[in-house]
Amino acid sequence: MNTRIIDLPKHEGNTVTVQGWIYNIRESKGIKFLVIRDGSEFCQAVISQQEVNEQTWKDAEQLTQESSLAVTGKVVPNHRDRFPFEIQVQNIQIYQIVKDYPITHKEHGVDFLMNHRHLWLRTPRQWAIMRVRNRIIYAIHQFFQEQGFVQMDAPIFTANACEGTSTLFETDYYGTPAYLSQSGQLYGEAMAMAMGKIYTFGPTFRAEKSQTRRHLSEFWMIEPEMAFYDLDMNMDLIESMLKYIVHAVLTNCRTELNLLQRDTSKLQKLVDESFIRMTYQEAVELLKSDKTQTLLQKDLENAQQQTQELLAEQKQLQQEHPSAKKGRKAEIDRRLQEINATLKDLEELMRNIPQWMKSAKEFELGNDFGGSDETVITRHFEVPIMVHRYPHEVKAFYMKRDPKDSRWAMGVDVLAPEGYGEIVGGGERETDEQVLIQKIQEHNLPMSAFEWYLDLRRFGSVPHSGFGLGLERLVAYVAGLHHVRETIPFARHYNRLTP
RNA sequence: UCCUCGAUAGCUCAGCUGGUUAGAGCAUCUGACUGUUAAUCAGAGGGUCGUUGGUUCGAGUCCAACUCGGGGAGCCA
């Protein structure tokens, strides 16, 4: 019976067989260290010439990166490695010897890696990300199922653009145009009126030509919708859901977060401390405040100082380079590349900050926040911020107006700290048929397409709320990633349809 | 659509104000090393510098257009 690497601790001292692939080989005279991966984990297998027969050693000499094999040997502790056990190999069985595997153990550019995404997924970092993603998905289902929500699916083909704003993918549906869904929201409301509390979990499509680290053309969204929930109940649910998910990842994905070098103290804060809740008006005040200007000024000065320090280090290393020995030379080259990359980032930051300061200072009440404004607001805090009661003009037609002040719509956006931006958007829905009809007209949407939706207000209309959670943005935040394209197995975005 | 940065070896990059035969590390191949952690050490092969045109005695380097890509704005999760 074959063993998975993750189960090796249960077999200490025993002889087992593991099937997998060679992730890396290091060797010295008469001894080979294989790093084997089988999907469940990565571990070292040691082949010593003295301890195997001639044929096994001969076979071992042919092994290359990503060759597939089964190794049989004794499980012993290994305290030097991340994974605490290794296999002392007695025998190997080769499935395939690989030639010229394209991904090496050095750094690669994003474009190259994305072109080899089908192979890139095999690396430890991607392995860790996919496991975090999996745990988040599992936690989402657990959370909602435990609370009596029913998972239901909204259609992917739709006859119209539901909110009438973003650009959608058009397809041919038996001769008439159809669009790929940009949100299951309206269907979610219908399902909530049938089942009480529901959530959808499915793909969403946006045809916007966004070329940023936060956007995908195809991404996964979770959209809960609850009958008899007001905005405050909605926010409570969002907060407890995010705490639940992050707690689940913190307790079950230690290895993965460690491998990703995620600072877990920041995630722990999200679990332990209350989220910040502020109205749009308060957020605008904060944005325009001197406090914001001071904060950004300080960020700018830090960036400038760091730049000076790096330039000094760069100069020193360049002087040392000609006289350095080979090993040291390589070290210097590595560091110089690192410095160059950081300098480019800092340069961009220093270009951006003055614009952010200007945009924050000149922000006008009534406008929607831009990406930079969101970033600036989140820089003040270390936990997620729920901004609620936005100007109704900037929100979708189905959003309920604040009964106390009709300027505002009862919407809420959750902004993640550390610059990850909006991860949740939601709100309380309009319940009045006449108000909705008026809103649909104001937005120039085709009334006929919304007849079924208006039925929900004609037959037993009740207060209800819901929200949309962007899975990839949440994964990026929890895993501490620079870009959402690493959070999904095969990313689809502008200029990327393959592999 | 706009702004901005970029394209040099299989991969990641260096190449300053234009000046002999274009550099490094990794990967590949050969050799050394019995506990390695992106192992190390010695050696070898590998490039019409994104495309087209221009300036010049001379262009990887300067100029223009184009192609492709990164990041950002808009829009959003």
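The shown structure was predicted, so the numbers you read here are calculated from the model rather than taken from an experiment. Within every chain, numbering begins at 1; the chains are lettered A, B, ... in the order of the sequence lines, protein sequences first and strands thereafter.
Among the heavy atoms of the strands lying under 4.0 Å from A:E86 is at least one base atom, whether or not backbone atoms are also near. Residue A:D413 is out of contact with every strand shown, counting any heavy-atom pair closer than 4.0 Å. As judged by a 4.0 angstrom heavy-atom cut-off over every strand, A:I423 is placed among residues touching the sugar-phosphate backbone only. Using a 4.0 Å heavy-atom cutoff across all strands shown, A:E422 reaches sugar-phosphate atoms only and no base atom. Using a 4.0 Å heavy-atom distance criterion, A:R496 is classed as making no nucleic acid contact. A:H483 comes within 4.0 angstrom of sugar-phosphate atoms only, judged by non-hydrogen atoms across all strands, and of no base.
For A:R206, counting side-chain heavy atoms from C-beta on, the closest listed nucleotide (B:C76, B:G70, B:A73) is B:C76. Nearest nucleotide to the side chain of A:D368, out of B:U12, B:C76, B:G70: B:C76.
Nucleotides B:G47 and B:A64 are separated by 32 Å at their P atoms, to the nearest Å.
Close placement of the A:Y199 and A:H141 rings is indicated, their centers lying within 6.0 Å of each other.
Listed pair A:R214 / B:A73 meets the phosphate criterion, a side-chain N or O lying under 4.0 Å from OP1 or OP2. Residue A:R80 places at least one side-chain N or O under 4.0 Å from the OP1 or OP2 atom of B:U36. For the pair A:R26 and B:A39, the criterion of a side-chain N or O lying under 4.0 Å from OP1 or OP2 is met.
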Secondary-structure string, 5' to 3', Watson-Crick or G-U under 3.5 Å, | for another-strand partners, for RNA chain B: (((((((..((((.....[...)))).(((((.......))))).....(((((..]....))))))))))))....
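Between A:Y280 and A:W408, the ring planes lie tilted relative to each other; the angle falls in the 30° to 60° range.
Taking the side chain as every heavy atom from C-beta outward, A:F275 and A:L242 approach each other to under 4.5 Å. Side-chain contact between A:I5 and A:F83: present, with at least one pair of heavy atoms (C-beta onward) separated by less than 4.5 Å.
Between A:N352 and A:T104, it is A:T104 whose nearest contact on RNA chain B lies nearer the 5' terminus. Mapping A:T64 and A:G30 onto RNA chain B via the closest heavy atom, the residue that lands nearer the 5' end is A:T64.
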Working for ring-ring contact (aromatic ring centres under 6.0 Å, His included), residues A:F219 and A:F205: CA-CA 7 Å; A:F219 62 97; A:F205 307 89; 8.5 Å; no
